[in-house]
2 protein chains.
Amino acid sequence: MKLNSLHYVLLAGIEQEPRSGYDLTQWLARLGQHYWAAEHSSIYPALQSLEAAGLLLSSEESGLRGRPRKLYRLSSQGRERLKCWVNEPSGLPETRDEQLVKVLCFDLLSRDEIVGHLERIRAQHAAKLVYYEGVMERRNESAAAGANVTPERLGPALTLRRGILAARSYVDWCDESLALVRGFPSQPVDAAG
Amino acid sequence: MKLNSLHYVLLAGIEQEPRSGYDLTQWLARLGQHYWAAEHSSIYPALQSLEAAGLLLSSEESGLRGRPRKLYRLSSQGRERLKCWVNEPSGLPETRDEQLVKVLCFDLLSRDEIVGHLERIRAQHAAKLVYYEGVMERRNESAAAGANVTPERLGPALTLRRGILAARSYVDWCDESLALVRGFPSQPVDAAG
DNA sequence: GACAACATGTAACCAGTTACATGATTCT
DNA sequence: AGAATCATGTAACTGGTTACATGTTGTC
């Protein structure tokens, strides 16, 4: 069976710990937005095909609350496939940033409108930064608390760190741009011949 | 007619200067990868529908070389639609970063394999950084050279600057991660119980 | 004459979203 | 009884890619 990127994302999530479709959905929404986004409606069918291909094993867990959940774990084949894929090189990230397309058109707006936009963009990325930093702080605390908890693994630590640096970089760009634009006169000036 | 994001990307590109489908393809590939990627096969049909909707006007230009090109410019309606869209808020960027998914699985690899990966990732982003910095330098030079060239517009300057900061941030993360991983022993250590 | 660069387009396919649909358990 | 949360799934649609297809002009 031919696997696409989403399949590998799910194998990667399950490799960290056995997870259900619901868990994977939450995990991606909370910690994966800066490298992979997916809705539950694409996740469930993908899990089914991974199980059919023998790369995942599932077990019904009658959860404490809500309806029983299907908990997936990797089969040895699944782990092999994942490991093999991880060792291949990949291309550059692909980003769809509608906000930046609008930035490209800032010359159509007034200075005040531009400032408004940049402030809103800054707030969004700053919120993400605060969130990620909170996650990292909590992880560091529980790691320091004792060796009884699973020791922090390298992969999740690096990707979280990447999320923090990415958000910080975006906030910095907003600040720099705001400083530039605020130095402009209030109304756009026509090119004085 | 209902427009999607790609339509607005194209309107934005054409607003900067009249462009053909080929121009837009090149422009996005060279300067737009960090906020919007698109193949020519999605661009040409989108241009056709924009023209049919009266948002673009086209003229046949018998180019100096190659077959004649269809040069598009904005109609007043097109400009209106674009301006209106630009002033609406957008959501956060969406990124698909297969490399980071692999980073997530670094615990499956040996230290040397991890170092190899990080060095390759670093090289890719460093190359992009050098390229963008070159573009910016050339722009600054021609801006300084004389007022005969069109004065640099805010939008393109800010998006290019964003590309530089994004690439730099990724390179920094690679360096930080490499420093961390190089501090580890050569073979992964089992948890000493 | 072959190849590279310029230039535009179509068709088949794939991956994803939005919206729809269902069901269990707990809390108020 | 109703709402919130947990949990899983399907169907219709959208937006995109890969591969196919074509034609011109200039260069080796």
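Letters A, B, ... mirror the listed sequences (proteins, then strands); counts begin at 1. Given the structure is predicted, the values throughout are model-derived calculations rather than measurements.
On a pure distance criterion of 3.5 Å, a polar donor-acceptor pair joins the side chain of A/Ser41 and the base of C/dT18.
A donor-acceptor pair under 3.5 Å links the side-chain atoms of A/Arg19 to the main chain of A/Gly13, judged by distance alone. Of the possible polar contacts, none joining the A/Trp85 side chain to the B/Lys102 backbone as a donor-acceptor pair under 3.5 Å is found.
A salt bridge links A/Glu133 with A/Arg168: the closest approach of a Lys/Arg side-chain nitrogen to an acidic carboxylate oxygen falls below 4.0 angstrom. Under 4.0 Å is where a charged nitrogen must lie from a carboxylate oxygen, and between A/Arg69 and A/Asp23 at least one such pair does. Of the charged side-chain nitrogens involved, at least one lies within less than 4.0 Å of a carboxylate oxygen, so that A/Glu119 and A/Arg182 count as a salt-bridged pair.
Atom CD of A/Glu60 and atom P of C/dA24 are 13 Å apart (whole Å). Put simply, CG on A/Leu71 is 16 Å from P on D/dC6, counting in whole angstrom units. The distance from atom CD of B/Glu98 to atom P of D/dT17 is 15 Å, rounded to the nearest whole Å. The distance between atom CG of A/Asn4 and atom P of C/dT17, rounded to the nearest whole Å, is 12 Å. When the P atom of D/dT14 is taken as reference, atom CG of B/Leu3 falls 14 Å away, rounded to whole Å. The interatomic distance linking A/Asp23 (CG) with D/dC6 (P) rounds to 11 Å, in whole Å. For A/Lys70 and D/dA7, the NZ to C1' distance is 11 Å, given to the nearest whole Å. In this structure, CD of A/Glu61 is placed 11 Å from P of D/dT8, rounded to the nearest angstrom.
Here the nucleotide nearest the side chain of B/Gln26, chosen from D/dT18, C/dC6, C/dT18, is C/dC6. Comparing C/dT10, D/dT10, C/dT17 by their nearest atom to the side chain of A/Ser42 picks out C/dT17. Counting only heavy atoms from C-beta on, A/Pro45 has its side chain closest to D/dT10 among D/dG16, D/dT10, C/dT17. The listed nucleotides are D/dG9, D/dT18, D/dT8; the one nearest the side chain of A/Arg69 is D/dT8. Picking from C/dG9, D/dT8, D/dG16 the nucleotide with the shortest atom distance to the side chain of A/His40 gives D/dT8.
Note on B/Lys2: every side-chain N or O is 4.0 Å or more away from OP1 and OP2 of D/dT14. The phosphate of C/dG16 (OP1 or OP2) has a side-chain N or O of B/Arg96 nearer than 4.0 angstrom. At least one side-chain nitrogen or oxygen of B/Tyr22 sits closer than 4.0 Å to the OP1 or OP2 atom of C/dC6.
Among the atoms of the strands shown, only primed sugar atoms or phosphate atoms (P, OP1, OP2) are found under 4.0 Å from some heavy atom of B/Ser20.
Both B/Glu94 and B/Tyr72 sit near DNA chain C, but only B/Tyr72 has its closest nucleotide nearer the 5' end.
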